[in-house]
**Student:** 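Got a structure for you, written out below as structure tokens; questions coming shortly.
Computed over heavy atoms, backbone and side chain alike; hydrogens, waters and symmetry mates excluded. First listed ligand is number 1; within each ligand, the first listed atom is number 1. When a residue number appears, it is its place in the shown sequence, counting from 1.
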Amino acid sequence: MTAILDPGGRSLTAIVLAAGKGTRMRSDLPKVLHRVAGRTMLGHVLAAARGAGASRIAVVAEPGQAAVEAEVAASAPGARVHPQAERLGTAHAVLAARETLAETGDDIVIAFGDTPLVTAETLTRLRAPLAAGAAVAILAFETDSPTGYGRVLTQNGSVTAIREEKDASDEERQVRLCNAGLMALSGRYALDLLGRIGNHNAAGEYYLPDAVALAVADGLMVAVVNVDEAEAQGVNDRVQLAVAEAAIQQRLRRAAQLGGATLIAPETVFLSSDTVLGRDVLVEPHVIFGPKVTVGDRCIIHAFSHLEGATLEDGVAIGPYARLRPGAVLEEGSRIGNFVEIKNARLGPGAKANHLSYLGDSEIGAGANVGAGTITCNYDGTNKHRTAIGAGAFIGSNTALVAPVSVGAGAIVGAGSVVTADVPADALAVGRARQVNRPDGARLWRQVKGLKTKS
Ligand code: UD1
Ligand code: CA
């Protein structure tokens, strides 16, 4: 990883604490791997650390959590994972990253893997006092319901200590200035301060916030940086997970709108952290963007569409009720209508599939028209096979294309065909039972059945 330095020339190391089962999630998945807006909570925190310019990132996790290690490798390549065998407190957790801390010269920020709303800007504000000589900077907020939080104690306007709820006197519990948990430490003092933190408290834990009182006793500068309580919110159960989801959705919608997309009813549109929307995109109500969706300029996403792993080039329209699955690529000006499902398929420029179709593992040429009810039969029960439709081909309604099969450019397939053999370019294929009309047949049938004759 290349070293990223802030304008003051100071390097930044981020330590993300992610140990703990998160029992209140009632889940087989480690807590920090639960997703908010399509991205794991840990992924959000790592993204914030990267966004703040951290050149070195370390994650403290329970030993043997391969899934956590995989997420770290994916979200922050090059980041280290330090195991914390026993969960003995936040200071003990930070010290599990001792090897990373020892390499660190300048600034250290400590973030929590279950606090996904924290932004890169906040981490940047948190570290800023270090450049001005502070040894410790804490993040704090005022609240009318401080229960459960560590209280920030002050004397004559200066911070003296952080007191955990469990250890606080009745008087200290009246304090409404709370510790958000995240902290910045100067690399110069970090190991010394952390090494002197004890566990003589109500929980018998090594408390990271005790670094404050130690720094004050040493005559070092401790800074307080304010943060919105909502941004510091941790996630411990699925109710709080939904609160975090709502907050991130609101941010993503706002960013999409400010980026030039119209969301008619933004509160009904759900985005992923990596959703990319172009300029002059119109998103109608009730649309869900799963991970890995890119939408070009001037696209229209009609109501009730669901997209994931899809790429829309400029001027594409989909829906209402379109479903785009991974590998869907819609080239410029193509059109997907109602109740059409696309998976691992490419539609050429101007191609259309307007009604009730399933197109999977397919290549559809420029300007081709796929009629209502057309299905690619891509799966034979064992393997998936491909369908190729040439440029300008016309597939009649209710056609079944039994893959592997191809329809050449400019060919026409008659409605209701079951296409099992390749159709050459410019050919007309009809693959259906021949229609038979029996004159008077209907009347004779009614006679046999003893039914009233209609005409
Ligand atoms: C912490 C702060 C408290 C603050 C609150 C804000 C301490 C002692 N207290 O309390 O002042 O008001 O956050 O939400 O820091 N972790 C480990 N290993 C451990 C212990 C914790 O990795 O041994 C991780 C947890 O996974 C979690 C984070 O550290 O992500 C915070 O730990 P937690 O026990 O939730 O601290 P709080 O009691 O919330
Ligand atoms: Ca917590």
Side-chain angles (χ1 to χ4, degrees), residues 14-25 30-34 40-42 44-46 48-49 58-63 65 68 72 81-98 109-118 122 126 136 138-143 145-153 159 161-168 172-173 175-185 193-194 197-214 222 224-225 227-237 240-241 243-244:
I15 312 281
V16 180
L17 306 189
K21 300 231 183 318
T23 42
R24 280 161 62 197
M25 297 297 282
K31 175 163 82 171
V32 295
L33 297 186
H34 282 263
T40 66
M41 292 199 274
L42 180 56
H44 281 281
V45 179
L46 292 172
V59 174
V60 176
E62 256 171 59
Q65 287 187 327
V68 171
V72 172
V81 179
H82 298 282
Q84 186 195 20
E86 275 182 294
R87 208 172 174 280
L88 300 180
T90 43
H92 179 263
V94 177
L95 277 173
R98 185 185 290 277
V109 291
I110 294 149
F112 295 165
D114 62 355
T115 306
L117 298 172
V118 70
T122 295
L126 177 60
V136 178
I138 62 166
L139 208 52
F141 55 86
E142 290 254 13
T143 174
S145 39
T147 307
Y149 289 113
R151 308 298 206 284
V152 180
L153 308 182
V159 186
I162 296 174
R163 189 80 72 236
E164 292 306 303
E165 168 97 15
K166 281 182 185 165
D167 301 293
E172 287 167 341
R173 285 193 183 143
V175 172
R176 295 184 310 136
L177 186 62
C178 292
N179 174 30
L182 286 73
M183 188 183 277
L185 289 170
L193 290 172
L194 291 165
I197 291 173
N199 65 348
H200 304 293
N201 51 53
E205 282 188 10
Y206 296 87
Y207 291 157
L208 175 62
D210 283 357
V212 169
L214 288 170
V222 176
V224 181
V225 173
V227 69
D228 194 26
E229 183 182 359
E231 191 182 327
Q233 215 52 246
V235 172
N236 297 311
D237 58 34
Q240 292 169 338
L241 187 70
V243 171

**Student:** Name the residue from L182, V16, L17 that meets the side-chain contact (heavy atoms from CB on, under 4.5 Å) definition with I110.
**Tutor:**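 Passing option: L17.
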
**Student:** Return a yes/no value for A19: is any of its N or O atoms, backbone included, closer than 3.5 angstrom to an N or O of ligand 1?
**Tutor:**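 N/O-N/O distance under 3.5 Å: yes.
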
**Student:** If you count the atoms of ligand 1 from 1 in the order shown, which ones are under 4.0 Å from a heavy atom of L17?
**Tutor:** 22 (O), 24 (C), 29 (O), 30 (O)

**Student:** Please determine whether any non-hydrogen atom of C178 lies less than 4.0 Å from an atom of ligand 1.
**Tutor:** no

**Student:** Looking at A244 and L117, what are the two nearest heavy atoms and their distance?
**Tutor:** O-CD2, 3.7 Å

**Student:** List every atom of ligand 1 that sits less than 4.0 Å from any heavy atom of G150, numbering the atoms from 1 in the order shown and giving each element.
**Tutor:**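 Answer for ligand 1: 3 (C), 4 (C), 11 (O), 12 (O).
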
**Student:** Under the side-chain contact (heavy atoms from CB on, under 4.5 Å) test against M183, which residue among V109, I138, L126, V94 passes?
**Tutor:** I138

**Student:** For E165, is there any backbone N or O sitting under 3.5 Å from a side-chain donor or acceptor partner on R151?
**Tutor:** no

**Student:** Distance from F141 atom CZ to L177 atom CG, nearest 0.5 Å?
**Tutor:** 8.5 Å

**Student:** Taking side chain as C-beta onward, heavy atoms only, is R176 less than 4.5 Å from T143?
**Tutor:** no

**Student:** Counting both backbone and side chain atoms, is some N or O of Q84 under 3.5 Å from an N or O of ligand 1?
**Tutor:**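 It does: an N or O of Q84 is found under 3.5 Å from an N or O of ligand 1.
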
**Student:** Take atom CD of E86 as the centre, draw a 6.0 Å sphere, and report whether it contains more than 12 heavy atoms from other residues, nucleotides or ligands.
**Tutor:** no

**Student:** Ignoring hydrogens, just give me the one of K31, E164, M41 whose non-hydrogen atom is nearest atom 9 (N) of ligand 1.
**Tutor:**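 Residue with the shortest heavy-atom distance to the ligand atom: E164.
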
**Student:** Going by side-chain hydrogen bond (donor to acceptor under 3.5 Å, both in side chains), Y207 matches just one of N199, D167, T90. Which one?
**Tutor:**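 For Y207, the side-chain hydrogen bond (donor to acceptor under 3.5 Å, both in side chains) test succeeds with only one of N199, D167, T90, which is D167.
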
**Student:** Below 3.5 Å, N or O to N or O, backbone or side chain included: is there any such pair between V60 and ligand 1?
**Tutor:** no

**Student:** Provide the closest heavy-atom pair for N236 versus R24 in the form atom of the first, atom of the second, distance.
**Tutor:**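 So the minimum-distance heavy-atom pair works out to O-CB, 3.2 Å.
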
**Student:** How does H92 reach ligand 1, by side chain, by backbone, by both or by neither, if only non-hydrogen atoms under 4.0 Å count?
**Tutor:**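 No part of H92 comes within reach of ligand 1.
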
**Student:** Just which atoms of ligand 1 are under 4.0 Å from any heavy atom in R87?
**Tutor:**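 Answer, ordered by atom number: 16 (N), 18 (N), 19 (C), 20 (C), 21 (C), 23 (O), 25 (C), 26 (O), 34 (O).
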
**Student:** Between Y207, F112, F141, Y206, flag the one that comes closest to atom 1 (C) of ligand 1 by a heavy atom.
**Tutor:** F112

**Student:** Between ligand 1 and G181, is the shortest N or O to N or O distance under 3.5 Å?
**Tutor:** no

**Student:** Please identify which atoms of ligand 1 are closer than 4.0 Å to at least one heavy atom of T90.
**Tutor:**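 Per the distance check, 7 (C), 8 (C), 15 (O), 20 (C), 21 (C), 29 (O), 31 (C), 32 (O).
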
**Student:** So, do L193 and D210 sit near enough that their side-chain heavy atoms are less than 4.5 Å apart?
**Tutor:**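 The answer is no, as the side chains (C-beta and beyond) never meet within the 4.5 Å cut-off.
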
**Student:** Ignoring angles and geometry beyond distance, decide whether D114 reaches within less than 3.5 Å of ligand 1 through its nitrogen or oxygen atoms.
**Tutor:** yes

**Student:** With heavy atoms only and a cut-off of under 4.0 Å, state how P209 meets ligand 1: side chain, backbone, both or neither.
**Tutor:**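 The answer is the side chain of P209.
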
**Student:** Have a look at ligand 1 and work out which part of A180, if any, has a heavy atom under 4.0 Å from it: side chain, backbone, both or neither.
**Tutor:** backbone

**Student:** Compute the shortest N/O to N/O distance between Y149 and ligand 1 and return yes if it is under 3.5 Å, no if not.
**Tutor:**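 No, since none of the N or O atoms of Y149 sits under 3.5 Å from an N or O of ligand 1.
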
